Amino acid sequence: MFSKSKPEAPATPAPRSLGAAAAADGAAGAAKNAPPSIISGSLTVTGDLDSTGDIQVDGAVEGDIRSHKVTIGEAARVRGAVMADHIRIAGAVEGQITGREVTLTASAKVLGDIYHDRLAIEAGAHMQGLCRRVEDVEARLKAAREEKGAAPDPAPAPGVSDAPAKPAGPAPQRAEASAPPPGGSPGADV
């Protein structure tokens, strides 16, 4: 009952090499502590940008952007899809935007649809397109990261078809106006 037993030695973790420890710690914090990749105002990029960190665009991009966080500066122009967890737009974007948290500042000019979980639009922002809160924004972002070649196509809304619209009935007839006969009024018997 009160017998002395030998105390167990505390379990020590297997020693890690200094390089392995630094690599493991660095990989976990690299995306959080690394400075953003910057596209400066004097730079034009043609092609897709793909990063696990942050991207700040102050120049022009002709292509899709995929990242953890994207900031589009006031003088920036982007023509392509933007996909990220956090997106802040102060410049011009022409293309589909997909993000968990999307913010359009007062200087933003957006031409395209926005798929989001949270959306903030400041007074003065210009936006032309569909704003849709989607529950599956995570699935959209994951699919975009896996594809890495093409931006995901949004699912059409129920009852909406991609086919061109057809007129509901026969084409409207153009009414022709005729001039009255010379020397008389229209409809008068001479």
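What you see is a predicted model; the values in this text were computed from it and never measured. Hydrogens, waters and symmetry mates are skipped; everything else that's a heavy atom, side chains included, is used.
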Shortest non-hydrogen separation from Ser67 to Val70 and the atoms involved
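Looks like CB-CG2, 3.7 Å.
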
Looking at Ile87 and Gly99, what are the two nearest heavy atoms and their distance?
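The pair with the smallest heavy-atom distance is CD1-CA, 4.0 Å.
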
Tell me which one of Ile97, Thr105, Thr103 satisfies side chain to side chain contact (heavy atoms under 4.5 Å, CB included) with Ile89.
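Of all the options given, the one that passes is Ile97.
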
Please say yes or no: joined through hydrophobic side-chain contacts below 4.5 Å, possibly via intermediate residues, are [X] and [Y] part of one cluster?
{"X": "Tyr115", "Y": "Ile121", "answer": "no"}
{"X": "Val61", "Y": "Leu43", "answer": "yes"}
{"X": "Ile55", "Y": "Met83", "answer": "no"}
{"X": "Val134", "Y": "Leu130", "answer": "yes"}

Going through the distances and angles, do Val57 and Thr71 end up as a side chain to side chain contact (heavy atoms under 4.5 Å, CB included)?
CA-CA 6 Å; Val57 179; Thr71 303; over 6 Å; no

Does the side chain of Asp58 come under 3.5 Å of the side chain of Gln56 through a donor N or O and an acceptor N or O?
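Judged by distance alone, the side chains do pair up.
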
[X] side chain to [Y] backbone, donor-acceptor under 3.5 Å:
{"X": "Glu122", "Y": "Ala106", "result": "yes"}
{"X": "Ser107", "Y": "Ala90", "result": "yes"}
{"X": "Asp64", "Y": "Ala81", "result": "yes"}
{"X": "Arg133", "Y": "Asp117", "result": "yes"}

Quick one: [atom1] on [X] to [atom2] on [Y], what's the gap to the nearest 0.5 Å?
{"X": "His116", "Y": "Arg132", "atom1": "NE2", "atom2": "CZ", "result": "10.0 Å"}
{"X": "Glu94", "Y": "Glu62", "atom1": "CD", "atom2": "CD", "result": "8.5 Å"}
{"X": "Ile65", "Y": "Ser37", "atom1": "CD1", "atom2": "OG", "result": "11.0 Å"}
{"X": "Leu111", "Y": "Met127", "atom1": "CG", "atom2": "CE", "result": "8.5 Å"}

Begin from the C-alpha positions of His68 and Asp54 and carry the test side chain to side chain contact (heavy atoms under 4.5 Å, CB included) through to its verdict.
CA-CA 6 Å; His68 168 69; Asp54 299 350; 3.6 Å; yes

Evaluation steps, side chain to side chain contact (heavy atoms under 4.5 Å, CB included), between Val93 and Val82:
CA-CA 8 Å; Val93 176; Val82 178; 4.2 Å; yes

Are any of the side-chain heavy atoms of Arg66 and Leu49 separated by less than 4.5 Å?
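Of all side-chain heavy-atom pairs linking Leu49 with Arg66, none is under 4.5 Å.
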
Do the side chains of Leu104 and Val110 get nearer than 4.5 Å, heavy atoms only?
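In contact.
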
Charged N to carboxylate O under 4.0 angstrom, Lys69 versus Asp85?
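The answer is no: the pair does not qualify as a salt bridge.
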
I'd like to know whether Arg118 forms a side chain to side chain contact (heavy atoms under 4.5 Å, CB included) with Val102, so could you lay out the CA-CA distance, the side-chain angles of the two residues, the decisive distance to 0.1 Å, and finally the verdict.
CA-CA 6 Å; Arg118 287 176 298 216; Val102 179; over 6 Å; no

